[in-house]
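Values below: all heavy atoms of this structure, side chains included; hydrogens, waters and symmetry mates excluded. The model shown is predicted, which means the values in this text are computed figures rather than measured ones.
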Amino acid sequence: KGQIRIALAGNPNCGKTTMFNNITGAKQHVGNYAGVTVEKKEGHTNFNGRDLLFIDLPGTYSLTARSLDELVARNVIVNDNPDVIVNVLDASNLERNLYLAAQLLELEKPMVIALNMADVAEEMGIKYDFKKMAELTGATIVSTVGRTNIGTKELLEATISVAASQKAPGVTVNYGDLLEGKIAELVAALEEAGTVTYPLRWIAIKLLENDPDVVEKVKGFANTEAVLQKAAAIREEIKDQVDLDIVFQEYRHRYAVEVYNQSLTQAPKEIETRSDR
Ligand code: GDP
Ligand code: K
Ligand code: MG
């Protein structure tokens, strides 16, 4: 049984580094990603007879090509081919945190969600239906409190089991009839080219978003001229019907709201200090 490689993803301040430290202790290595000043932190742990390598990705809200941190985070996932993504979410601020989860799903890796800050969520009176959340995200859900090291063992067990399954979430963000039709056309063109080794639905979406890094990636594969032309033609064709700069973000946000609302079984109680603000 070989090493399991895990990319640890999450928003800034969700407790990712705390979890990373709980899991890997002193067995850490800090360096830089090749050619850029973004810190690369890796750590090991041995658990239930397995060697687990955790890569602490930069904390980000999104996975666009607009920031170096976001590019690094997504490139580690799509290029370094980790076995599992562990997505740490702040359970006390879940709707916002699910926006990143929506983008991670598209990378089609087995996923575990650590619902961290469970103590804060509990204090706020929040309760979730984990089964529902698992169904809507395709991830295994584990509740954690990084600060007191609660749930770490369960998180590692879930990570090993999800890695063994090799099952991608199998859930997609629905971008509406118009865009879904165009995504399907581009996926078909990518399949016909037969050369691109990244998740094709993700590539199709990013081409419609005109993501410059993904355009470059696609150019690097043989036989993709027709795909790139088709993407440009579709963008031109639909640009008056939808605002391509924001429409994908809107649908991801809609997904996050939906997962949040459907998973929430007890809403946060009114915060008494609110009237003082
Ligand atoms: P990162 O930005 O995601 O790496 O977050 P950090 O690990 O630096 O944590 C941000 C802050 O949240 C720190 O003050 C942590 O001590 C605190 N923290 C982490 N996990 C928890 C948790 O589960 N509950 C509470 N109450 N605080 C936490
Ligand atoms: K921090
Ligand atoms: Mg951190």
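Side-chain polar atoms of Glu192 and Asn223 form no donor-acceptor pair below 3.5 angstrom. A donor-acceptor contact closer than 3.5 angstrom is absent between the side chains of Asn21 and Lys41. Asn81 and Lys109 are linked by a side-chain donor-acceptor pair at a separation below 3.5 angstrom, with hydrogens and angles left out of the test.
The line from CG of Leu57 to CG of Leu63 is 9.0 Å long, rounded to the nearest 0.5 Å. To the nearest 0.5 Å, atoms CD1 (Ile160) and CD1 (Ile6) are separated by 7.5 Å. Rounding to the nearest 0.5 angstrom, the gap separating the CD1 atom in Ile55 from the CG atom in Leu8 is 9.5 Å. The CD atom of Gln3 sits 9.5 Å away from atom CG of Asn46, with the distance rounded to the nearest 0.5 Å. Atoms CG and CG, from Leu244 and Asn210 in turn, are 9.0 Å apart once rounded to the nearest 0.5 Å. Separating the CG atom in Leu264 from the CE atom in Met133 is a distance of 8.5 Å, to the nearest 0.5 Å.
No side-chain heavy atom of Lys40 sits under 4.5 Å from any side-chain heavy atom of Asn32. Using a 4.5 Å heavy-atom threshold, the side chains of Ser161 and Thr140 count as separate. Annotation: side chain of Thr137 is in contact with side chain of Tyr255 (closest heavy-atom distance under 4.5 Å). Proximity of Val142 to Thr159: side-chain heavy atoms (C-beta onward) are nowhere separated by under 4.5 Å. Between Phe20 and Gln28, some side-chain heavy-atom pair lies under the 4.5 Å cut-off. With contacts defined as side-chain heavy-atom distances shorter than 4.5 Å, the pair Asp119/Thr148 does not qualify. Contact check for Val162 versus Pro110: side-chain heavy atoms found under the 4.5 Å cut-off. A 4.5 Å side-chain heavy-atom check between Pro199 and Glu106 finds every atom pair outside the cut-off.
Applying the salt bridge (charged side-chain N to carboxylate O under 4.0 Å, His left out) test to pairs two or more places apart or on separate chains, those with a residue in residues 144-159 are Lys153-Glu157. Counting only residues at least two apart or in different chains, side-chain hydrogen bond (donor to acceptor under 3.5 Å, both in side chains) contacts with residues 85-95 comprise Asp90-Ser92. Identified under the ring-ring contact (aromatic ring centres under 6.0 Å, His included) test for residues 105-130, with sequence neighbours left out: none.
Residue Phe54 is not grouped with residue Leu107 when hydrophobic side chains (ILVMFWY) are merged at heavy-atom distances under 4.5 angstrom, including chains of intermediate members. Cluster annotation: Leu94 is not connected to Val88 through the hydrophobic network of ILVMFWY side chains, with a link wherever side-chain heavy atoms come within less than 4.5 Å. Taking hydrophobic clusters as Ile, Leu, Val, Met, Phe, Trp and Tyr residues chained together by side-chain heavy-atom distances below 4.5 Å, Ile234 shares a cluster with Val247. Put simply, Ile113 and Ile85 are part of the same group of oily side chains (I, L, V, M, F, W, Y) that touch within less than 4.5 Å, one to the next. Under the 4.5 Å side-chain heavy-atom criterion for Ile, Leu, Val, Met, Phe, Trp and Tyr, Leu200 and Leu228 are members of the same hydrophobic cluster.
Heavy atoms from other residues, nucleotides or ligands lying under 6.0 Å from CG of Asp80 number more than 12. The neighbour count for Glu237 CD, taken as heavy atoms of other residues, nucleotides or ligands under 6.0 Å away, is above 12. Within 6.0 Å of the CD atom in Glu39, the count of heavy atoms belonging to other residues, nucleotides or ligands exceeds 12. A 6.0 Å sphere centred on CD of Gln266 holds more than 12 heavy atoms belonging to other residues, nucleotides or ligands.
Connectivity analysis of hydrophobic side chains (ILVMFWY, heavy atoms under 4.5 Å, direct or indirect) links Val145 to Ile150.
With sequence neighbours left out, the ring pair (Phe, Tyr, Trp, His ring centres under 6.0 Å) criterion links Phe221 to Tyr198. Listed by chain and residue number, Lys132, Leu136, Glu258 satisfy the side-chain contact (heavy atoms from CB on, under 4.5 Å) test with Gln262 (two or more places apart in sequence, or in another chain).
Tyr99 has its ring centre no less than 6.0 Å from the ring centre of Tyr61.
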| request: Quick one: do Ile238 and Leu178 satisfy side chain to side chain contact (heavy atoms under 4.5 Å, CB included)? Show the steps, please. | output: CA-CA 9 Å; Ile238 63 176; Leu178 174 68; 4.1 Å; yes
| task | Given salt bridge (Lys or Arg N to Asp or Glu O under 4.0 Å), test Arg201 with Glu180 step by step and report yes or no. | result | CA-CA 10 Å; Arg201 180 177 165 88; Glu180 287 295 336; 2.9 Å; yes
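For the pair Ala231 and Leu207, the tightest heavy-atom approach, listed with the atom from each and the gap, is CB-CB, 3.9 Å.
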